[in-house]
Amino acid sequence: MKVRYVLAALLVPGWFLTGCYQPRLQPPPETTGPTVHLSVSPTRVACPAPVTLTATASSGVIRVDFYKQKLGADPQPLLIGTDASAPYGLVYPEQGFGEPDDGAYDFVARAYDGQGLEASSNPVRVTVLIGKADTPCPQTS
C-alpha cells in the first residue's frame, strides 16, 4: 500500500516546495502456523503394554500436547501429557493398558509455536483387545 502526502509551503510568492512522504510499513505478522505429525506404536494392543507416541513438528514449535479420546466413552479429548523439547514423545499409559481398557482410542498431537499459533495432527487410532486376545500373552516375572 503506497501512501503519498504532498507538502506545500509558500516560500516566495508564486513558488511552491513539494515533496513526498512514504511511511515505512511493517511486514505482516507470520500467519503460517506450525505443522505436526503423530505416529503411535503399536496401533493394536493385545497384551498388557503401553503405546509410544512420537510427534514430528516444524521448526519454531515450543511445545506439543498429547490428547487421547476413548471412542464411545470420552466426550472430549483428554490431555495426557506435554513435551517441551524435540524429539516430542510420550509413553501412555505408563503402567500399560490392561483388560479394563479394551476399546478404540484416538490420539492427537497439538503443536504450539512461539507466536501463539497452533496446529493439530490427524488422529491415530489404537485398538486395545487384551480381553479378546486370541493368543496368550507372554508371562512376565
Side-chain angles (χ1 to χ4, degrees), residues 1-12 14-141:
M1 179 172 102
K2 194 170 190 178
V3 178
R4 183 174 284 197
Y5 296 97
V6 177
L7 304 174
L10 183 59
L11 297 176
V12 177
W15 291 45
F16 289 95
L17 172 66
T18 61
C20 293
Y21 169 75
Q22 184 170 351
R24 292 182 190 252
L25 299 176
Q26 296 294 327
E30 178 68 38
T31 57
T32 303
T35 59
V36 62
H37 173 76
L38 177 66
S39 61
V40 181
S41 179
T43 57
R44 184 176 186 276
V45 180
C47 294
V51 293
T52 301
L53 289 77
T54 306
T56 306
S58 57
S59 64
V61 168
I62 59 172
R63 91 170 191 265
V64 173
D65 291 343
F66 295 93
Y67 293 85
K68 71 110 179 159
Q69 182 174 16
K70 185 171 185 180
L71 302 180
D74 296 334
Q76 300 267 347
L78 304 171
L79 178 65
I80 57 172
T82 298
D83 195 346
S85 61
Y88 305 100
L90 177 74
V91 174
Y92 181 83
E94 288 183 14
Q95 72 279 6
F97 283 105
E99 190 172 325
D101 300 314
D102 280 3
Y105 295 82
D106 278 347
F107 290 90
V108 173
R110 186 170 295 151
Y112 299 87
D113 69 11
Q115 297 176 5
L117 301 173
E118 63 182 74
S120 294
S121 69
N122 288 331
V124 177
R125 176 125 336 137
V126 173
T127 305
V128 179
L129 301 167
I130 297 171
K132 300 173 181 89
D134 52 359
T135 59
C137 293
Q139 297 295 322
T140 59
S141 47

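Residue numbers start at 1 and run along the sequence shown. Everything numeric in this text was worked out from a predicted model, so none of it was measured.
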Query - Chi angles and distances behind the side chain to side chain contact (heavy atoms under 4.5 Å, CB included) call for L129, V45 - result: CA-CA 6 Å; L129 301 167; V45 180; over 6 Å; no

Report task. Describe, in one word, how the ring planes of F97 and Y92 are oriented to each other, choosing from parallel (under 30°), tilted (30 to 60°) and perpendicular (over 60°). Result -> perpendicular

Requested in this report: I would like to know whether V36 and L38 meet side chain to side chain contact (heavy atoms under 4.5 Å, CB included); could you show each step before the answer?
Outcome: CA-CA 7 Å; V36 62; L38 177 66; 5.9 Å; no

Would you give me the side-chain donor-acceptor pairs under 3.5 Å for residues 50-60, sequence neighbours excluded?
| residue | atom | partner | partner atom | Å |
| --- | --- | --- | --- | --- |
| S58 | OG | T35 | N | 3.0 |

Return a table of donor-acceptor pairs under 3.5 angstrom between the side chains of residues 70-89 and protein atoms on other chains or two or more places apart.
| residue | atom | partner | partner atom | Å |
| --- | --- | --- | --- | --- |
| K70 | NZ | D102 | O | 3.1 |
| D74 | OD2 | K68 | NZ | 3.2 |
| D74 | OD2 | K70 | N | 2.8 |
| T82 | OG1 | D65 | OD1 | 2.8 |
| D83 | OD1 | S85 | N | 3.2 |
| D83 | OD2 | G89 | N | 3.0 |
| Y88 | OH | V61 | O | 3.1 |

Query raised in the report: Does a side chain donor of either S120 or R110 reach within less than 3.5 Å of an acceptor in the other side chain?
Result: yes

**Report entry** Lys/Arg cation over aromatic F107: R125, 6.0 Å, 45° cone
**Finding:** no

Query raised in the report: How would you list all residue pairs meeting salt bridge (Lys or Arg N to Asp or Glu O under 4.0 Å) that involve residues 85-96, not counting sequence neighbours?
Result: none

Query - Closest non-hydrogen atom pair, A111 against P34 - result: O-CG, 3.7 Å

Query raised in the report: Counting distance only, does the side-chain N/O of S121 pair as donor-acceptor with the main-chain N or O of A109 below 3.5 Å?
Result: yes

